[in-house]
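Just so you know, ligand 1 is whichever comes first in the structure, and atom 1 is the first atom listed for that ligand. What you see below is based on every heavy atom in this structure, not just the backbone, and it leaves out hydrogens, waters and symmetry mates.
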Amino acid sequence: MPELPEVEALTDFLTEHLVGHEIVRVLPVAVSVLKTYDPPPAALEGRTVTGVTRHGKFLDLDADGLHLVTHLARAGWLHWRDRLPDGPPRPGKGPLALRVALEDGEGFDLTEAGTQKSLAVYVVHDPADVPGIARLGPDPLADGFDEARFAALLDGERRQIKGALRDQSLIAGIGNAYSDEILHAAKMSPFKLASSLTADDVSVLHKALRDTLTEAVERSRGVAAGRLKAEKKSGLRVHGRAGEKCPVCGDTIREVSFHDSSLQYCATCQTGGKPLADRRMSKLLK
Ligand SMILES: [Zn+2]
């Protein structure tokens with residue numbers, strides 16, 4: 001799933017490729033993808049793209065005052081096409097969800113793999129009309145997101161820190177992958193309660209959060225849309241790397257699985273050498 005750094009890189013990429021170009025066709029191919037009906041997607045046709053911005057993990061194309069907003073969700077992706085196929089796309093079982101064509105034959109496809117469809121597209125006059133954007137917490141790379149701001153957000157927070165970091169209404173843009181990376185960099189257990197963090201912990205976590213995201217953004221910047229997924233994967237130190245060696249201490253990276261996701265961590269770096277309980281592992285051992 002694309003998170004803040006990848007959506008930031010897509011924003012850069014699309015700014016370069018779309019701004020100043022006219023949208024000639026918007027074709028929703030998958031019925032479920034469009035979450036708004038008024039104005040219709042056709043209202044974007046004939047308009048020139050004037051800007052591309054990011055709100056958390058949302059991508060926002062401004063077509064002269066009308067916005068095409070996309071949330072790529074878990075398995076969604078954007079594919080840039082230097083040359084779109086001539087014929088209209090066929091609705092059906094393929095991953096293609098929505099196609100946007102420009103006046104010069106270029107354009108992009110939004111696709112979604114798998115059967116669980118959660119890719120969402122909105123056509124709105126104001127991005128704040130998208131409920132997920134209206135609910136967003138502050139952007140962690142914004143200038144004002146300093147240690148004091150972060151501490152204030154965590155004040156009174158009772159959840160485990162991994163869950164809190166992923167809550168878009170608390171902080172915008174961090175998902176399952178970068179929360180694992182941030183906690184590994186901070187040498188902190190994902191299950192640590194936010195309410196138990198000392199002032200020093202908050203300071204360490206704030207630095208880990210800013211450094212991890214900034215590095216990922218720098219790495220992805222200038223990478224073409226088609227290569228972003230591989231770029232993200234290559235930069236991750238623990239996420240998705242269960243069984244591999246921790247690049248910091250050499251211990252084996254472990255995993256905790258939940259019914260529809262999993263987290264990865266290093267016991268030596270993050271939990272004082274003590275493995276966290278894993279439902280799936282304990283079931284297997286029974
Ligand atoms: Zn380690």
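At least one donor-acceptor pair closer than 3.5 Å links the side chain of E103 to the backbone N or O of E22. Remark: the backbone N or O of N176 is paired with a side-chain donor or acceptor of K162 at under 3.5 angstrom.
For the Zn ion (ligand 1), protein N, O or S atoms closer than 2.8 Å were enumerated as C246 SG, C249 SG, C266 SG, C269 SG, with waters left out.
Classification of D167 and R159 as a salt-bridged pair holds, one side-chain N sitting under 4.0 Å from a carboxylate O.
Relative orientation of the W80 and F13 rings is perpendicular, given thresholds of 30° and 60° on the angle between their planes. F258 and F191 have perpendicular rings, their planes meeting at more than 60° on a 0 to 90° scale where under 30° would count as parallel.
Among R54, R166, K232, R74, the single residue meeting the salt bridge (Lys or Arg N to Asp or Glu O under 4.0 Å) criterion with E3 is K232.
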